[in-house]
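One structure is given here, and the rest of the page talks about it.
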Amino acid sequence: MRRRVIWGMIYGYLGINLLMFLRFFFPRALYEPNTIFNIGYPADFSLGIDQRYLMTNRVWIIREPDRIFVIFARCTHLGCTPEWKASENKFKCPCHGSGYDSEGVNFEGPAPRPMDRAHVDLDPTGKLIVDTSRLYMDDPRAGVNQFNDPGAYLPV
Ligand code: FES
């Protein structure tokens, strides 16, 4: 009986070590979505705010009569993801209450500036390509406004 218990402990020890060894082949990595992604043709978007890519890529696509631009959905206060409130025609941050108009410009709460816009361009086939690693900002306090730079919007 004593021999069985000792062998059981040895096999248990070796088994746990084998599991720990195998665990190294499955690193605890966070797989984030690609920062450059295709969102389809400009004609796929009707006037207003499109939330199709909010969950997957954290952006809103804004279609206006003469242009398309992409708002990166990150509050400029502390980085929460605001929500689009269609009935109030504004983005509202659930964390501390900042409000942004339909173009992402702050007008209430602690947010210091408008939400950033992501780079948007056309690929050779005419599809829209968004790059959230290239952001355009508007910071009135710093005297910076990149919202009219090429790439911050796409004329349509
Ligand atoms: S993080 Fe949005 S208001 Fe504070």
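Keep in mind the model is a prediction, meaning the values are calculated, not measured. Order of appearance sets the numbers: ligands from 1, and atoms from 1 within every ligand.
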Q: Quick one: do T125 and Y41 satisfy side-chain hydrogen bond (donor to acceptor under 3.5 Å, both in side chains)? Show the steps, please.
A: CA-CA 9 Å; T125 65; Y41 295 100; 4.6 Å; no
(Q) List ligand 1 atoms under 4.0 Å from S98, heavy atoms only on the residue side. (A) 3 (S)
Q.
Tell me whether R3 at atom CZ has more than 12 heavy atoms from other residues, nucleotides or ligands lying less than 6.0 Å away.
A. no
Q: Answer yes or no: are there more than 12 heavy-atom neighbours, outside R74 itself, under 6.0 Å from its atom CZ?
A: no
Q: Specify whether an N/O/S atom of H96 falls short of 2.8 Å from atom 2 (Fe) of ligand 1.
A: no
(Q) At less than 4.0 angstrom from any non-hydrogen atom of C80, what atoms of ligand 1 do you find? (A) 1 (S)
Q) Is the backbone of A152 close enough, under 3.5 Å, to the side chain of D149 for a donor and an acceptor to pair up by distance? A) no
Q) Counting heavy atoms only, which part of C93 comes closer than 4.0 Å to ligand 1: side chain, backbone, both or neither? A) side chain
Q: Please state whether the separation between atom 4 (Fe) of ligand 1 and some N/O/S atom of C95 is under 2.8 Å?
A: no
Q. Do the side-chain sulfurs (SG) of C95 and C75 come closer than 2.5 Å?
A. no
Q: For atom 1 (S) of ligand 1, find the nearest protein heavy atom and state the residue, atom name and distance (0.1 Å precision).
A: L78 N, 3.3 Å
Q) Of all N, O or S atoms in H77, which has the smallest distance to atom 4 (Fe) of ligand 1? A) ND1
Q: Look at the rings of F91 and W60 and say which category their plane angle falls in: under 30° parallel, 30 to 60° tilted, over 60° perpendicular.
A: tilted
